[in-house]
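As the structure lists them, so they are numbered: ligands from 1, and atoms in each ligand from 1. Here the structure is a predicted model, which means the values were calculated and not measured. All residue numbers in this chain count up from 1 along the given sequence.
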Amino acid sequence: MSDSLDLPRRGLMFILSSPSGAGKTTIARKLLAAEPDLLSMSVSVTTRPKREGEVEGKDYYFTESEEFDAMVEEDAFLEWAEVFGNKYGTPRAQIMDGLNEGRDFLFDVDWQGAQQLSQRAGDDVVSVFLLPPSIAELDRRLHGRGTDSEEVIQGRMARALDEISHWDAYNYVVINDDIEVCFTKVRDILHSERLRRHRQTGLIEFTRTLKALES
Ligand code: ADP
Ligand code: 5GP
């Protein structure tokens, strides 16, 4: 919902993390669908070869290793990591330009990514951690999703316990019991954070016009 009196504002970096299976992808999709104009997924740069069906600039920016290393040298990434032999990074300029234009970015990262982004981008970051209502339900969701073998599910369950232990590094924690209730809470967080005074960059000018009318 937009308001004709919306003032210029700085966008925010909205981090969603959760143990695998707790519902991060589901909530992220719902948020992106509900906020198509203001919120978009952050697009990373990677050295991984493009998979069939992937689109340059939508899924990733695909690049050569030398070019990626040069970007690291230039401090062009807000954060980067090597995963399974390929490098992935969040391009700083693209995010900063978008934030200046009042656009918000969604980050689907683990606790280490969340920690790095929070350290590097401080005031621009809002982090939300989703918890499952119980371990038994997490197990049920991982089985119910039907995308992984039993062995992979066991690995995800073991890692989930480690991931859960980092809950206290986040700004907000939401238990994903009922999907619609959880989605509403997460969207409320996004809407409230947009109203933070330091993000409403148009306030100085706006309050000046109010004062001018007063005299
Ligand atoms: P993640 O991205 O955190 O690994 P997903 O979003 O893929 O998790 O969710 C895992 C499975 O659980 C999916 O099949 C999804 O449809 C289901 N799911 C997500 N949230 C809920 C919920 N609140 N209640 C029941 N099932 C859910
Ligand atoms: P995939 O190659 O399957 O698309 O992604 C492999 C892994 O890289 C996933 O765990 C994904 O979260 C991680 N990844 C993707 N982009 C980035 C990024 O910009 N930074 C970091 N740290 N990890 C990323």
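Checked against a 3.5 angstrom limit, the closest N/O atoms of Glu79 and ligand 2 fall inside it. Of the N or O atoms in Tyr88, one or more lie within a sub-3.5 Å distance of an N or O in ligand 2.
The option from Val83, Val109, Val43, Asp110 that lies nearest to atom 7 (C) of ligand 2, judged by heavy atoms, is Val83. The option with the heavy atom closest to atom 3 (O) of ligand 2, from among Arg48, Glu82, Arg51, is Arg51.
Atom 5 (O) of ligand 2 has as its closest protein heavy atom Tyr60 OH, 3.4 Å. Looking only at heavy atoms of the protein, atom 19 (O) of ligand 2 is closest to Ser44 OG, 2.6 Å.
Of the protein's heavy atoms, at least one falls inside 4.0 Å of atom 17 (C) of ligand 2. The nearest protein heavy atom to atom 11 (C) of ligand 2 is not closer than 4.0 Å.
Heavy-atom proximity to Thr90, at under 4.0 Å, picks out these atoms of ligand 2: 19 (O). Shown in contact with Gly89 at under 4.0 Å from a heavy atom are these atoms of ligand 2, numbered in order with element: 19 (O). Less than 4.0 angstrom separates some heavy atom of Ala81 from each of these atoms of ligand 2: 22 (N).
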Candidate pair Glu79 and Arg120, rule salt bridge (charged side-chain N to carboxylate O under 4.0 Å, His left out), full reasoning: CA-CA 8 Å; Glu79 62 81 42; Arg120 305 292 296 274; over 6 Å; no
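In terms of the side-chain contact (heavy atoms from CB on, under 4.5 Å) criterion, residue partners of Ser165 (sequence neighbours excluded) are, by chain and number, Asp162. Residues passing the salt bridge (Lys or Arg N to Asp or Glu O under 4.0 Å) test with Glu180, sequence neighbours excluded: Lys30.
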Show the atom names and distances, to 0.1 Å, of all donor-acceptor pairs under 3.5 Å that link a side chain in residues 16-23 to residues at least two apart or in another chain.
from, atom 1, to, atom 2, distance (Å)
Ser17, OG, Val109, O, 2.7
Ser17, OG, Tyr170, OH, 2.9
Ser20, OG, Arg156, NH1, 3.2

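Remark: the Gln112 side chain and the Gln116 side chain contain no N/O donor-acceptor pair separated by less than 3.5 Å. In the model, Tyr172 has a side-chain atom that pairs as donor or acceptor with a side-chain atom of Glu193 under 3.5 Å.
Contact shell of ligand 1 (protein heavy atoms, cutoff 4.0 Å): Ser18, Pro19, Ser20, Gly21, Ala22, Gly23, Lys24, Thr25, Thr26, Arg141, Arg145, Asn176, Asp177, Asp178, Ile179.
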